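Written below as structure tokens is the structure these notes are about.
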Amino acid sequence: MEIDFSKKLPISFYQQDTISVANQLIGKIIVKIDEKNSILAGKIVEVEAYTQYKDEASHSFVGMTKRNKAMFEIGGILYVYFIYGMYFCANIVTNKKDIGDAVLIRAVEPIFNLEQISINRYGRKDITNKQKLNLTNGPGKFCAGFGINTTHNFVDLTSNSIFILDGNEEKIEIGVSERIGINKSKELQRRFYLKGSQFLSR
DNA sequence: ATTCCGATTGCCT
DNA sequence: GGCAATCGGAATG
């Protein structure tokens, strides 16, 4: 896959209102280039917005802590945290400095280097069709497949290690729903997904 | 120091 | 549908 760096999203993209960024992220291409220069890429098909204010489910609701510090930076970096003793979740930090907002990447359609993503997920490149659909269809699965962990916390999304490209200009339909796996602020409609995608978390 | 529990996943019935 | 795995974060004492 050739990467068109001219399509890399500018820093200003991330500094917009968080709900707006969440919507616009659907259909975009997230790229990771690892230490061995191998390229992984996927289309973002599902995200969730988390904001400091009026959102009790957000890590930042209680203010800045050691864990959520990245959320308070200016939009355009990654916030990665460890959860349930064994998984990682990756977020796109949004909005202005000192506002603790971010967008969780919940699911991605793998589009390049499925072999490496399979190895990262299952330890082998030959997998069943069902496993192919399950490669990156959840926040923990996406991080595992793309090799994202807390060493990527604070990574600059305008760098060449992890970044996001504008997708095709095709018209897409975006669905909206309540968020998944939370117990507070359940009523907020802040999950956004690509309608019809086979790679959603549910 | 202790306690509770989580922005998940995979396996089980 | 239920639930165990597994451990660090945050609140509390």
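Model, not experiment: these values are computed from the prediction.
Relative to the ring axis of A:Y50, A:R179 places its NZ or CZ within 45° and under 6.0 Å from the centre.
Taking 4.0 angstrom as the limit, A:R67 places a side-chain polar atom (N or O) nearer than this to OP1 or OP2 of C:dA10. Remark: A:H59 is in phosphate contact with B:dA7, judged by side-chain N or O atoms under 4.0 Å from OP1 or OP2. Residue A:R190 places no side-chain N or O under 4.0 Å from the OP1 or OP2 atom of B:dA7. Phosphate proximity of B:dG10 to A:K141: present, with a side-chain N or O under 4.0 Å from OP1 or OP2.
Counting only heavy atoms from C-beta on, A:M86 has its side chain closest to C:dT6 among B:dT8, C:dA10, C:dT6. Listed candidates were B:dT9, B:dA7, C:dG9. Nearest to the side chain of A:Y81 is B:dA7. Taking only side-chain atoms of A:R121, from C-beta outward, the nucleotide of C:dA10, B:dG10, B:dA7 with the closest atom is B:dG10. Between B:dA7, B:dT8, C:dA10, one nucleotide has an atom nearer to the side chain of A:T65 than all others, and that is C:dA10. Nearest nucleotide to the A:F82 side chain, out of B:dA7, C:dG8, B:dT8: C:dG8.
Searching all strands for a Watson-Crick or G-U wobble partner of B:dA7 with both distances below 3.5 Å returns nothing.
When the P atom of B:dG6 is taken as reference, atom CZ of A:R179 falls 14 Å away, rounded to whole Å.
Aromatic ring pairs are classed by plane angle as parallel below 30°, tilted from 30° to 60° and perpendicular above 60°; the pair A:F163 and A:F5 is tilted. Taking the six-membered ring for Trp and thresholds of 30 and 60 degrees, A:H59 and A:Y79 have ring planes more than 60 degrees apart, a perpendicular arrangement.
Under a 3.5 Å cut-off, the side chain of A:R121 and the backbone N or O of A:N134 do form a donor-acceptor pair.
Interface remark: the A:Y84 side chain does not form any donor-acceptor pair with the C:dA5 base, using a distance-only criterion of under 3.5 Å.
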